[in-house]
Amino acid sequence: MFTGIITGMGQIAAVQALGDTAAHGKRLVITPPAGYLDDVGLADNIALNGTCQTVTSADSAPPQLTINTQAN
């Protein structure tokens, strides 16, 4: 079982609904620690509280990454 390695802790900057119901999920905009985005790219997987999520955008100025989540 892979337990993962914590390489940094970001802060949620914004939460946006992706649709009219919870089943559509949310878009999380995360401000990562300094330098974190140096090796993070579009479609990379990031663990959020143990759940693997896919990066849908990553911007270096200001440093932010976006992840879309879906309810199951």
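In plain terms, the two heavy atoms of K26 and L18 that are nearest each other are O-CD1, 3.6 Å. Across all non-hydrogen atoms, the minimal contact from P33 to G8 is CG-CA, 4.0 Å. A43 and T54 get closest at one heavy-atom pair: CA-CG2, 3.6 Å. Taking each heavy atom of N45 and C52 in turn, the nearest pair found is CB-SG, 3.2 Å. Nearest approach of L42 to T56, heavy atoms of both residues: CD1-O, 2.9 Å.
Under the 4.5 Å side-chain criterion, counting only non-hydrogen atoms from C-beta, T51 is not in contact with T69. Between I46 and I67, the closest side-chain pair of non-hydrogen atoms falls below 4.5 Å.
D39 contributes atom CG, which lies 8.0 Å from atom CG of D44 (distance to the nearest 0.5 angstrom). Between the CG atom in N68 and the CD atom in Q53 there is a gap of 9.0 Å [rounded to 0.5 Å]. Rounding to the nearest 0.5 Å gives a distance of 11.0 Å between CG of D59 and OG1 of T31.
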L48 vs I30, side chain to side chain contact (heavy atoms under 4.5 Å, CB included): CA-CA, chis, key distance, verdict: CA-CA 11 Å; L48 288 178; I30 300 170; 4.0 Å; yes

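In terms of hydrophobic clustering, with Ile, Leu, Val, Met, Phe, Trp and Tyr side chains grouped at heavy-atom distances under 4.5 Å, L65 and M9 are assigned to different clusters. Both L28 and V40 belong to a common hydrophobic cluster when Ile, Leu, Val, Met, Phe, Trp and Tyr are linked at side-chain heavy-atom distances under 4.5 angstrom. Taking hydrophobic clusters as Ile, Leu, Val, Met, Phe, Trp and Tyr residues chained together by side-chain heavy-atom distances below 4.5 Å, I12 shares a cluster with V55.
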